[in-house]
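Positions are given from 1 along the sequence.
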Amino acid sequence: MTTRLSCRPLAGLALAAMLLAPLPALANTPCGGDFGAFLNGVAEEARAKGLPDAAIRQTLSGARIDRTVLSRDRAQGVFKQDFLTFSKRSVSGYRLKHGAGNMKKFAKVFAKAQADYGVPAPVITAFWALETDFGAVQGDFNTVNALATLAHDCRRPHLFRPQLIAAIEMAAHGDLDPARTTGAWAGEIGQVQMLPEDIIRFGKDGDGDGHVDLKKSSADTILTAAGFIRNLGWRTGEPWLTEVKLPANLPWEKTGLNFDTTVGEWAKAGVTAREGSLPAASLPAALLMPQGHKGPVFLAYPNFRVYLEWNQSFIYTTTAAYLATRLAGASRYDPGNPDPGLSDAAMRQLQEKLAARGHDVGKIDGILGAGTRAAVRTEQLRLGVPADGWPTPALLSRL
């Protein structure tokens with residue numbers, strides 16, 4: 001599935017933190033009503049947290065409702081591109097060239113990130129590329145207005161009111177200018193798109209100027225991203241993804257996004273690395289087939305879970321991990337010759353058929369999410385065909 005809190009179908013560090021953090025009850029979060037009264041309530045809460053009156057006034061005095069933010073929030077699209085389409089567009093020559101250039105340009109900062117947090121340069125650089133093209137596209141919405149709008153709106157105030165208060169704290173530190181700081185419509189700031197609470201918690205001054213500036217400072221961006229990725233569970237010294245080749249037959253019931261099987265077990269089943277060799281046999285590994293067993297196939301390791309924490313879209317996640325392997329020196333994947341997928345209408349029809357058979361596919365929305373993939377795999381096992389979780393017209397007709 002793809003989450004819907006970000007300004008793009010690519011949700012960044014900010015969204016990951018939101019999803020991981022415990023959320024207060026919606027009923028306990030004030031929202032709506034007169035906007036001036038709402039801002040007064042935010043000011044009182046900020047004072048109770050010990051924030052200075054000057055920063056509170058500076059941040060809230062010019063805040064206003066941004067109707068475009070509300071329109072974006074209500075009109076977020078769904079993410080339905082298949083892996084080959086999305087990855088070919090996202091893993092571009094521009095991103096590979098500039099990613100390599102940035103890893104060289106900021107080699108000392110990346111070395112510190114790896115030494116302090118254990119996160120390799122290609123992993124950080126891949127997210128940096130996908131989120132903003134290395135800072136080129138950061139959004140032009142006034143951050144305070146965006147956060148105030150979404151905190152006042154009663155759809156998700158429990159997510160955004162704390163971010164508005166954190167913006168006041170950033171202003172107090174001199175790290176946010178309420179009148180000039182801009183970013184995404186959902187309030188994310190900077191080159192890796194982080195929300196104020198996350199910047200306060202994980203922000204690192206990488207260039208030694210005494211501030212955390214994720215909009216302009218690449219050094220701050222790199223170290224802050226590294227700390228956040230580490231917090232998501234990154235395991236130092238371990239890989240995240242390897243492209244592999246498959247034998248004619250597999251234990252299909254073990255495929256999919258689970259880590260109950262090891263590299264050694266997959267090797268015994270005939271899975272081999274397309275380039276080089278597989279990592280340690282004892283390492284847990286999941287076999288991923290984003291477009292079926294006839295398309296690109298990967299072994300994913302525990303560090304792949306960090307990508308899943310960053311963004312819940314399987315296609316985005318796999319693309320980000322694949323981009324990181326390319327930046328680390330891997331060759332372009334073998335696209336194979338996958339079977340055609342389903343149109344939006346056909347996918348909805350498939351979901352209806354799966355739901356009628358008792359499978360939990362969630363909302364009938366035409367999106368190939370985790371529930372639909374799992375149900376497809378179950379039906380493929382029942383029908384005696386390769387259970388790769390990729391729904392095809394042939395499968396739909398058999399159902």
### Query
Is the CG atom of D34 crowded by more than 12 outside heavy atoms at less than 6.0 Å?
yes

### Query
Taking all non-hydrogen atoms of both residues, which atom of A167 and which atom of T59 are closest, and how far apart?
O-OG1, 4.4 Å

Side chains of residues 113-124: which donor-acceptor pairs under 3.5 Å do they make with residues two or more places apart or in other chains?
from : atom 1 : to   : atom 2 : distance (Å)
D116 : OD2    : K112 : NZ     : 2.8

### side-chain contact (heavy atoms from CB on, under 4.5 Å) between F228 and T224, intermediate numbers included
CA-CA 6 Å; F228 191 91; T224 299; 5.7 Å; no

### Message
What I'd like to find out is whether the side chain of R161 reaches to under 4.5 Å of the side chain of P30, using heavy atoms alone.
### Response
yes

### Query
What orientation do F35 and H152 show, parallel under 30°, tilted 30 to 60°, or perpendicular over 60°?
perpendicular

### L396 side chain reached by P391 side chain, heavy atoms, under 4.5 Å
no

### Hydrophobic cluster identity match, I315 and L287, side-chain contacts under 4.5 Å
no

#### Entry: Shared hydrophobic cluster for V297 and V385 (ILVMFWY, side-chain gaps under 4.5 Å)
no

### Query
If every non-hydrogen atom of T318 is compared with every non-hydrogen atom of P290, which pair is closest and at what distance?
CG2-CG, 4.4 Å

### Task
Check for a donor-acceptor pair, side chain of T132 on one end and backbone N or O of Q138 on the other, with a separation under 3.5 Å.
no

### Message
Taking K216 first and then D209, would you say they form a salt bridge - that is, a charged N and a carboxylate O separated by under 4.0 Å?
### Response
no

### Query
Hey, are T392 and D339 close enough side-chain-wise for a donor-acceptor pair under 3.5 Å?
no

With a 3.5 Å cut-off and sequence neighbours excluded, list the donor-acceptor pairs that the side chains of residues 239-251 form with protein atoms.
from : atom 1 : to   : atom 2 : distance (Å)
W240 : NE1    : A321 : O      : 3.0
T242 : OG1    : Y301 : OH     : 2.8
E243 : OE1    : R274 : NH1    : 3.0
E243 : OE2    : D334 : N      : 2.9

### Query
What class does the angle between the rings of W128 and F110 fall in, given that below 30° is parallel, 30 to 60° is tilted and above 60° is perpendicular?
tilted

### Task
Could you give me the CA-CA distance, side-chain angles and deciding distance for K49 and E169, then say whether salt bridge (Lys or Arg N to Asp or Glu O under 4.0 Å) is met?
CA-CA 10 Å; K49 292 180 178 295; E169 184 173 349; over 6 Å; no

### Task
Give the ring-plane orientation class for F134 versus Y94, where under 30° counts as parallel, over 60° as perpendicular and anything between as tilted.
tilted

#### Entry: Any donor-acceptor N or O pair under 3.5 Å, side chains T125, R95
no

#### Entry: Pair R382 + E379: basic N to acidic O under 4.0 Å
yes

### Verdict with supporting geometry, L350 and M347, side-chain contact (heavy atoms from CB on, under 4.5 Å)
CA-CA 5 Å; L350 173 71; M347 185 69 76; 4.1 Å; yes

#### Entry: Short side-chain to backbone donor-acceptor contact, D175 and H211, under 3.5 Å
no

### Query
Should we say atom CZ of R332 is surrounded by more than 12 heavy atoms from elsewhere, each under 6.0 Å from it?
yes

### Query
Do E188 and E131 touch side chain to side chain, with heavy atoms closer than 4.5 Å?
no

### Message
Between F83 and F314 (judged by ring centroids, cut-off 6.0 Å), do the two rings come close enough to count as a pair?
### Response
no

### Task
Identify whether W390 and M289 are in the same connected component of the hydrophobic contact network (ILVMFWY, side-chain heavy atoms under 4.5 Å).
no

### Message
For a 4.5 angstrom cut-off between non-hydrogen side-chain atoms, does L395 reach L383?
### Response
yes

### Message
Is the shortest side-chain heavy-atom distance between L308 and L257 below 4.5 Å?
### Response
yes

### Message
On a heavy-atom basis, which atom in G183 and which in T143 lie closest, and how many Å separate them?
### Response
N-OG1, 3.6 Å

### Query
According to a 4.5 Å side-chain heavy-atom criterion applied to Ile, Leu, Val, Met, Phe, Trp and Tyr, with indirect links allowed, do L299 and V306 form part of one hydrophobic cluster?
no

### Query
Tell me, do F304 and L288 make a side-chain contact under 4.5 Å, heavy atoms counted?
yes

#### Entry: Candidate pair Y307 and Y316, rule ring-ring contact (aromatic ring centres under 6.0 Å, His included), full reasoning
CA-CA 9 Å; Y307 293 87; Y316 173 87; 8.8 Å; no

### Query
Ion pair present between D260 and K254, side-chain N to carboxylate O less than 4.0 angstrom?
no

